[in-house]
Amino acid sequence: MAAVEAETAPLTLESLPTDPLLLILSFVDYRDLISCGYVSRRLSQLSTHDPLWRRHCKKYWLISEEEKSRKNQCWKSLFITTYSDVGRYIDHYAAIKKAWDDLKKYLEPRCPRMVLSLKEGAREEDLDAVEAQIGCKLPDDYRCSYRIHNGQKLVVPGLLGSMALSNHYRSEDLLDVDTAAGGFQQRQGLKYCLPLTFCIHTGLSQYIAVEAAEGRNKNEVFYQCPDQMARNPAAIDMFIIGATFTDWFTSYVNNVVSGGFPIIRDQIFRYIHDPECVATTGDITVSVSTSFLPELSSVHPPHYFFTYRIRIEMSRDALPEKACQLDSRYWRITNAKGDVEEVQGPGVVGEFPIISPGRIYEYTSCTTFSTTSGYMEGYYTFHFLYFKDKVFNVAIPRFHMACPTFRVSIARLEMGPDEYEEMEEEAEEEEENDDSADMDESDESDEDENESDEGQGEERQRRVFDVPIRRRRCSRLF
């Protein structure tokens with residue numbers, strides 16, 4: 001009779017074995033795990049089982065076994081301690097912390113000075129004070145990142161990448177929160193925008209919109225691009241770089257640590273390499289990386305500036321008699337409208353490099369489009385050093401260039417039709433005047449060049465010219 005009563009006794013939580021319950025709790029989120037402690041005495045005891053908190057410490061705070069041993073705390077205690085410090089950022093912390101850890105690990109052996117320039121994390125009260133100063137709430141993912149590292153010292157090279165051309169240099173530092181607050185914008189055109197980066201050479205900054213205003217979405221990261229055709233200083237177009245701070249920062253870090261952005265002389269160069277942009281002719285391989293330069297570009301008038309880095313390499317297994325010298329280049333340039341331009345000229349960037357087995361030659365040049373995208377392709381002509389009468393062509397792979405998504409200034413969208421038409425007419429007159437001035441400058445330059453080298457004058461006159469940007473000028477070289 002007693003056996004029958006035991007079989008029909010109700011199944012309770014207290015009578016369930018421990019191991020199956022712990023297995024179930026191992027799939028429970030930390031919020032529910034805490035709530036379990038208030039359900040019953042049995043669940044309260046089980047929810048304190050330390051291995052259950054190991055998963056949450058690793059998932060949300062990226063705490064390693066080594067760190068646990070160093071702090072000499074149990075997993076639950078570590079979780080609670082960390083939560084009390086940065087718990088408001090629990091939805092962002094793991095992604096931001098991993099990005100910082102990966103970036104520092106990658107840069108320490110390659111750019112040690114850059115890592116040393118990073119500042120210690122800001123305190124909560126410091127970030128609260130900045131919010132009070134600017135009168136706006138900072139995005140939680142932005143605050144989370146600055147709790148880990150409060151930007152960097154204003155040094156060169158900057159953490160957010162560099163770009164170097166013959167007459168243009170850019171290197172962007174990640175601003176600390178106090179410096180950023182000093183540059184917070186309240187003026188029309190950049191209202192409620194906080195600078196994230198700064199270049200001491202160009203004055204260029206990337207901004208984050210801490211509030212939705214003037215056609216911007218909240219938390220968007222962008223480069224400003226003044227509308228050069230509008231008479232309203234509030235007319236500022238935007239090249240969108242990221243939808244949120246996390247999107248912006250983690251995508252940049254991924255490009256760095258994956259080797260997508262090359263490190264040259266302790267600097268991160270923001271060239272993007274498409275693995276398909278590689279062509280091999282015989283023993284010579286040509287690969288191309290490209291980059292968009294927002295500081296030399298504009299939406300109005302449409303002028304999009306790109307730079308590209310070309311790598312020419314001869315296989316180590318090539319025979320010594322395969323050594324050769326580059327004589328000339330040919331380019332076929334196509335914009336988004338299908339307009340084609342062909343260019344031929346001696347050498348590359350004024351040089352005639354010699355390529356031998358195992359040797360690599362790299363150079364940087366630039367181009368512009370009046371459309372948001374375009375592509376280039378072509379070939380180099382070489383001659384063998386040991387057989388100078390033998391020439392051959394080496395293919396340059398087709399490589400595409402496209403500017404980031406941009407948003408037109410709301411000030412332009414609000415213009416009336418008469419005002420817009422008048423502005424367009426003035427802009428056309430100014431461009432005609434600029435073209436005439438550029439032609440005069442080009443003619444004078446060509447006369448001087450013809451005295452020293454008549455054979456190259458015509459080609460230089462055609463392809464070397466001042467880019468028609470009223471703010472600053474930079475040569476277009478092929």
Side-chain angles (χ1 to χ4, degrees), residues 1-105 120-128 131 137-150 218-219 243-247 249-250 253-254:
M1 186 68 178
V4 173
E5 290 179 356
E7 290 178 1
T8 59
L11 187 65
T12 65
L13 191 63
E14 305 297 329
S15 64
L16 288 175
T18 298
D19 288 346
L21 286 175
L22 288 177
L23 179 62
I24 293 171
L25 291 178
S26 69
F27 295 98
V28 172
D29 189 68
Y30 77 95
R31 298 177 182 87
D32 297 323
L33 192 58
I34 293 173
S35 299
C36 285
Y38 300 97
V39 174
S40 70
R41 181 179 299 175
R42 180 80 190 282
L43 284 181
S44 178
Q45 293 173 344
L46 293 175
S47 66
T48 61
H49 186 61
D50 202 48
L52 292 175
W53 293 94
R54 177 178 179 273
R55 179 174 70 91
H56 299 301
C57 284
K58 289 180 174 291
K59 176 182 178 181
Y60 292 106
W61 313 129
L62 304 185
I63 297 175
S64 64
E65 300 283 351
E66 293 75 16
E67 185 176 354
K68 177 183 179 295
S69 300
R70 188 170 63 252
K71 293 185 176 181
N72 195 27
Q73 292 179 271
C74 66
W75 286 113
K76 184 176 181 180
S77 177
L78 277 173
F79 185 91
I80 294 173
T81 301
T82 310
Y83 188 89
S84 64
D85 182 31
V86 291
R88 67 177 289 180
Y89 312 120
I90 195 165
D91 293 332
H92 308 286
Y93 188 86
I96 298 292
K97 181 69 162 57
K98 182 179 186 303
W100 273 115
D101 290 347
D102 291 346
L103 185 62
K104 289 186 292 185
K105 181 179 179 181
E120 295 294 326
R123 302 173 301 170
E124 281 294 307
E125 49 265 37
D126 297 330
L127 297 171
D128 292 340
E131 288 185 340
K137 290 291 185 182
L138 297 171
D140 272 352
D141 52 354
Y142 174 92
R143 289 181 61 118
C144 178
S145 180
Y146 277 74
R147 285 299 313 276
I148 299 170
H149 282 294
N150 185 14
K218 186 176 181 179
N219 298 337
T244 64
F245 180 89
T246 300
D247 174 44
F249 185 63
T250 56
V253 171
N254 288 338

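Residue numbers start at 1 and run along the sequence shown. All of these numbers come straight from a predicted model, not from anything done at the bench.
- A distance of 7.0 Å separates CG in Asp85 from CD in Glu124, rounded to the nearest 0.5 Å.
- With contacts defined as side-chain heavy-atom distances shorter than 4.5 Å, the pair Thr82/Ile63 qualifies.
- Between Tyr30 and Phe79, the ring planes are tilted. Angles from 30° to 60° get that label.
- The CG atom of Asn254 sits 10.0 Å away from the CG atom of Leu103 when rounded to the nearest 0.5 Å.
- A side-chain hydrogen bond (donor to acceptor under 3.5 Å, both in side chains) check over residues 33-53, counting only residues at least two apart or in different chains, returns the pairs Thr18-Arg42.
- Residues passing the side chain to side chain contact (heavy atoms under 4.5 Å, CB included) test with Val39, sequence neighbours excluded: Leu43.
- Between Lys98 and Asp102 there is a salt bridge, with a side-chain nitrogen of the basic residue lying less than 4.0 Å from a carboxylate oxygen of the acidic one.
- A heavy-atom distance below 4.5 Å is found between the side chains of Asp128 and Arg143.
- Looking at residues two or more places apart in sequence or on another chain, you find a ring pair (Phe, Tyr, Trp, His ring centres under 6.0 Å) between Tyr93 and Trp61.
- Atoms NZ and CG, on Lys71 and Leu78 in that order, are 6.0 Å from each other to the nearest 0.5 Å.
- Counting only distance, with no hydrogens or angles, the side chain of Ser145 and the backbone of Tyr142 share no donor-acceptor pair below 3.5 Å.
- Nearest heavy-atom pair across Cys144 and Ile96 is SG-CB, 4.1 Å.
- Annotation: the span from Arg70 atom CZ to Ser64 atom OG amounts to 6.5 Å, rounded to 0.5 Å.
- Annotation: side chain to side chain donor-acceptor pair (under 3.5 Å) contacts of Glu120 (sequence neighbours excluded): none.
- A donor-acceptor distance shorter than 3.5 angstrom exists from the side chain of Arg55 to the backbone of Ser26, with no hydrogens or angles considered.
- In this structure, NZ in Lys104 is found 3.0 Å from NE2 in His149, a value given to the nearest 0.5 Å.
- Between Val86 and Lys97, the closest side-chain pair of non-hydrogen atoms is not below 4.5 Å.
- For the atom pair Ile24 CD1 and Asp19 CG, the distance stands at 11.5 Å (nearest 0.5 Å).
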Any chance you could lay out the side-chain contact (heavy atoms from CB on, under 4.5 Å) test for Leu33 and His56, step after step, and finish with the verdict? CA-CA 10 Å; Leu33 192 58; His56 299 301; 3.9 Å; yes

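- Residues Asn150 and Ala122 come closest through the heavy atom pair CB-N, 3.9 Å.
- Side-chain contact between Arg54 and Glu65 is present, with at least one heavy-atom pair separated by less than 4.5 Å.
- Under the rule for a salt bridge (Lys or Arg N to Asp or Glu O under 4.0 Å), the partners of Lys137 that lie at least two apart in sequence or sit in another chain are Glu131.
- Heavy-atom minimum distance, Thr250 versus Ala95: CG2-O, 4.1 Å.
- Of all heavy-atom pairs between Leu127 and Leu138, the closest is O-CD1, 4.1 Å.
- No salt bridge links Arg147 with Asp140; every basic N to acidic carboxylate O contact stays at or beyond 4.0 Å.
- In this structure, the side chains of Thr244 and Pro139 stay at 4.5 Å or more apart for every pair of heavy atoms.
- Residues that satisfy the salt bridge (Lys or Arg N to Asp or Glu O under 4.0 Å) test with Asp247, not counting sequence neighbours, are absent from this structure.
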